[in-house]
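Read through the structure below, which is laid out as structure tokens, and then see the notes.
Within every chain, numbering begins at 1; the chains are lettered A, B, ... in the order of the sequence lines, protein sequences first and strands thereafter. Since the structure is predicted, the reported quantities are computational estimates derived from the model, not experimental observations.
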Number of protein chains: 2
Amino acid sequence: MERPRIRDYFQQDLSQNETITPKQRAILQASLDLFAEKGFDQTSTSDIAQRAGVAEGTVYRRYKTKAALRDAILAPIAAHIVPILASDFSEDALRQRYPSLQAFVTAIFTDRVAFAKANVKELKVIFEMVAFDAERREQILSQIAPKMVKQMGSVINQLKADHLIVDWPNDLILQSLLSQLFGYLARLMLELPGTEIEREQAYLITVMTKILTPGEHDQITGQ
Amino acid sequence: MERPRIRDYFQQDLSQNETITPKQRAILQASLDLFAEKGFDQTSTSDIAQRAGVAEGTVYRRYKTKAALRDAILAPIAAHIVPILASDFSEDALRQRYPSLQAFVTAIFTDRVAFAKANVKELKVIFEMVAFDAERREQILSQIAPKMVKQMGSVINQLKADHLIVDWPNDLILQSLLSQLFGYLARLMLELPGTEIEREQAYLITVMTKILTPGEHDQITGQ
DNA sequence: CATTAAAATGAGTTATCACTCACTTATTTT
DNA sequence: AAAATAAGTGAGTGATAACTCATTTTAATG
């Protein structure tokens, strides 16, 4: 069960780009840190310059606007988050038949959690955008959601055929799984007190497995 | 099972305050709407004045700063959210022994969901604050979390004694429940497409009940 | 109706922020 | 090492935002 080793998507991050000068890298890092700490609007370009140890003009050397700077930070994430969240299933998860639900859940979420952990700050910035920019929200969601529903749907349907998973509508299954995942991520991102990462992660898989295990009491109760 | 009728906490909202002029009420309403739509920082006081149909000076008549205006909006929520989230259990839930898990889950979450639905905008503004204001986050959490853990803990322990609930650590039980709740609320707040409220809510209770039902496979798997 | 107090106004003030540009410093190229 | 190109600088600019205040409008009171 060593299968889903962590991909190297996120090792190819800011520090990877070759044609970038040290000061520019410092600017990117400072921007990311500040955006995650205080939010995009609460961060001024002079804040960024100060944190990065450069002149304010330098901030504008490569990126013409503050928004472009944010987008440059999010670009690599946006490019990878779609495959990570969705497309991967076709090659990996879909072809393989999982012997148990727990194996499936573990396989599916281990690398996603790892990805999220390695990109907590970036995710915070993305969330800020999604929460208050309706246009971008739809743009991002329309990009991710259908693929995800489709790909995950295939796996779920296969598990349903094998009677390994509860017979609920796929979107509801997805919502309950994502809720658990995001609840876990929220504790990471907000640095809530009393978070023991390892235990939480084991628990995450346990809960997800339990949700998905078929049983007799699974009809949805109308009110 | 008609028990938890919706409290009138949230009927005593903005429109309740007697010593307030129509224009001031319009300002509060416009502020709330805009903060929820665009975020606090992206909303200017002239935006507010325009939306409310008043002069910009009028915005500053009662509240000296923009932040004070936001706080005035959040005050009634903050005053009620604590009892709603936590203290209520002592009178209501704790004394009563629930015949089944589903009865418990239904009782606990029906009024909370109703509260959340009636205050979606306010919650959005609170979330924005909590997400990017570390100080306030700790302030709010230190106010809510301990009460909640304590009160919910009592109920959970009682259910544990009756073997009606899974034997997991209380904080982990809480996290999984809150994850489901917030996942549901996220769909409300972000107006995600394809959300059928009634079905979702019935599903929410089903999933929570399933998570909590004791079973043989409930030991938490180490990694 | 006259007087007084409160509410509302909007032009104006101050501060900050995103962004520019003429210029200096560092790095390549020949 | 000279020339050329790129990177970096920081004072400066225009725009916008929060906030003020002298004045006007509305409401309350006797």
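Legend: salt bridge (charged side-chain N to carboxylate O under 4.0 Å, His left out) pairs involving residues 70-80 of chain B, not counting sequence neighbours, sorted by first then second residue: B:D71-B:R136.
With sequence neighbours excluded, the residues that form a side-chain hydrogen bond (donor to acceptor under 3.5 Å, both in side chains) with A:E56 are A:T45. Residues satisfying the side-chain hydrogen bond (donor to acceptor under 3.5 Å, both in side chains) test with B:S44, not counting sequence neighbours, are B:S46, B:D47. Applying the ring-ring contact (aromatic ring centres under 6.0 Å, His included) rule to A:F35 yields the partners A:F40; only residues at least two apart in sequence or on another chain are considered. Residues satisfying the side-chain hydrogen bond (donor to acceptor under 3.5 Å, both in side chains) test with A:E138, not counting sequence neighbours, are none. Partners of A:Q201 according to the side-chain hydrogen bond (donor to acceptor under 3.5 Å, both in side chains) rule, which considers only residues two or more places apart in sequence or in another chain, are A:K117. Take B:D41 and apply the side-chain contact (heavy atoms from CB on, under 4.5 Å) test, not counting sequence neighbours, and it matches A:D41, A:Q42.
When DNA chain D is scanned 5' to 3' for any atom under 4.0 Å from a heavy atom of chain A, the first and last hits are D:dA7 to D:dG10.
Contacts of residues 124-134 of chain B with DNA chain C (heavy atom under 4.0 Å): none.
With 3.5 Å as the limit, one finds no donor-acceptor pair spanning the side chains of B:Q175 and B:D171.
Each end of the helix from C:dC1-D:dG30 to C:dT30-D:dA1 yields a helix axis from five base pairs, and these two axes differ in direction by 20° (to the nearest 10 degrees).
Taking 4.0 Å as the cut-off between side-chain N and carboxylate O, B:E128 and B:K38 do not count as a salt-bridged pair.
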What one-letter contact string describes nucleotides 10-29 of chain C from 5' to 3', where B marks a base within less than 4.0 Å of any protein heavy atom, S marks contact via sugar-phosphate atoms alone, and - marks no contact? B------SBBB---------
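Judged purely by atom type and a 3.5 angstrom limit, B:D133 has no side-chain atom pairing as donor or acceptor with the backbone of B:M129.
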Just distance, no hydrogens or angles: give the donor-acceptor pairs under 3.5 Å from side chains in residues 57-64 of chain A, sequence neighbours left out.
| from | atom 1 | to | atom 2 | distance (Å) |
| --- | --- | --- | --- | --- |
| A:T58 | OG1 | A:A55 | O | 3.3 |
| A:R62 | NH1 | A:T19 | O | 3.3 |

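Aromatic pair A:F127/A:F182: ring centres closer than 6.0 Å.
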